[in-house]
Visitor: 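Questions regarding the structure given below will be posed in turn.
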Amino acid sequence: MLYSLVFLVGATIITAQAFRFSGFLWFYLLKPSSVKKYLHGIAPYVLVTGATDGIGKAAARELFVRDFNLIIHGRNEEKVKRVIEELKAQGSGDIQYFIADAAKGGHDFSQLLQPFMDLNITLVVNNVGGVHMNGKKMDASSEADLVELVTWNDLFPLLLTRALLPKLRSTSQRGPVLVQFVGSQSAILGPPTLAVYAATKAFLSTLVRGLDNEEHLWGASSNVEFEHLAVGSVSSAGNPLTVTLAAPSAASFGKALVDRLGCGRRHYAPWMVHAIMEWVVGVLPESVVDRFGASAIRNVYEDHQKRI
Ligand SMILES: NC(=O)c1ccc[n+]([C@@H]2O[C@H](COP(=O)([O-])OP(=O)(O)OC[C@H]3O[C@@H](n4cnc5c(N)ncnc54)[C@H](OP(=O)(O)O)[C@@H]3O)[C@@H](O)[C@H]2O)c1
């Protein structure tokens, strides 16, 4: 009797894990991209924030060559114009832009977005954000620096999305509309010296879940979906790491981001190795994860030092 019970429990666990593993392989290796479902209506546009470098630029490029028109955001008009020229050499769509310092408050978002309100925006990639890797503990940062960090990572994408939502809802009557928020796996690690940054990214994860529920479970349901991307290390202008399997180049990551968007999951890691890392973090004891997070951050600082 006991043997049968152990066998039954063991077989159930193994079957569940095998099922989960095959789902994982399907998702990362075989599942066709859903990006084309956002190519609906006349001249579909994607709005990408922080699109002049790193992940944002790579995602914008990838979407542009897959027939989306672009609205790109940056903070330096000369650089934005240079990037537009670069992109235009690789596709034939329209590219518009707006300028705003995302780390500063006080923007009038309706005015910023006004020029694009007649465009058919079917995708929004809230990518802008980041952290200045200065190795400081929280209380060594000034109050102004902390407010900027929260504005950069949370308030800017929040208020931009707030201003866009009514328009996105009406576009979604014709076909699906997706709003992505680029998160960070630091949110599940809480590494030393990045406590506030990690918390700003955890905010985005909770925001996505709530907004998605608001859109589908409260009042008239719309066809606007929300996604939170769990991003591990990516070698970019802001984080110039040595490229490895665990820290892909921004170009490879941008392609993975576009291949997976609209996959039907609300929270996922676009990069397969990051997904494995997130799974490992979920099964290990918190104290082990904390030590791992602290040592991973130390390695990042050392990698940055070598490059100076
Ligand atoms: N790279 C990583 O390892 C990593 C890991 C986890 C999460 N992420 C997240 O991924 C996103 C992109 O990171 P990334 O590494 O690709 O960054 P990046 O290489 O530094 O590029 C950031 C982009 O945002 C723009 N930007 C930065 N600060 C801005 C501001 N205050 N106002 C307006 N635009 C601003 C930059 O403009 P300029 O070209 O003018 O500088 C650039 O276009 C961020 O949300 C970050 O938190 C990155």
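For ligands, and for the atoms within them, numbers begin at 1 and follow the listed sequence.
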Visitor: What does the 4.0 Å heavy-atom contact list look like for ligand 1?
Guide: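 G50, A51, T52, D53, G54, I55, H73, R75, K79, A100, D101, A102, A103, N127, V128, G129, G130, W152, V182, G183, S184, Y197, K201, V231, G232, S233, V234, S236, A237, G238, N239.
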
Visitor: Could you tell me which residues satisfy salt bridge (charged side-chain N to carboxylate O under 4.0 Å, His left out) with K255, sequence neighbours excluded, listed by chain and number?
Guide: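 Counting only residues at least two positions away or on another chain, K255 forms a salt bridge (charged side-chain N to carboxylate O under 4.0 Å, His left out) with D259.
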
Visitor: Tell me which one of W26, Y28, F27 satisfies ring pair (Phe, Tyr, Trp, His ring centres under 6.0 Å) with F24.
Guide: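 One option only clears the test, and that one is Y28.
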
Visitor: For F98 and F116, take the angle between the two ring planes, folded into 0 to 90°, and tell me which bin it lands in: parallel under 30, tilted 30 to 60, perpendicular over 60.
Guide: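 The arrangement is tilted - the two ring planes meet at 30° to 60°.
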
Visitor: Please step through side-chain contact (heavy atoms from CB on, under 4.5 Å) for the pair F292 and I297, ending with a clear verdict.
Guide: CA-CA 9 Å; F292 164 77; I297 269 312; over 6 Å; no

Visitor: Is any side-chain heavy atom of Y45 less than 4.5 Å from a side-chain heavy atom of D94?
Guide: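 When only atoms from C-beta onward are counted, D94 and Y45 do touch, with a gap below 4.5 Å.
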
Visitor: Are R209 and F226 in a cation-pi contact, defined as NZ or CZ under 6.0 Å from the six-membered ring centre and within 45° of the axis?
Guide: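 Relative to the ring axis of F226, which defines the angle, R209 lies outside at least one limit.
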
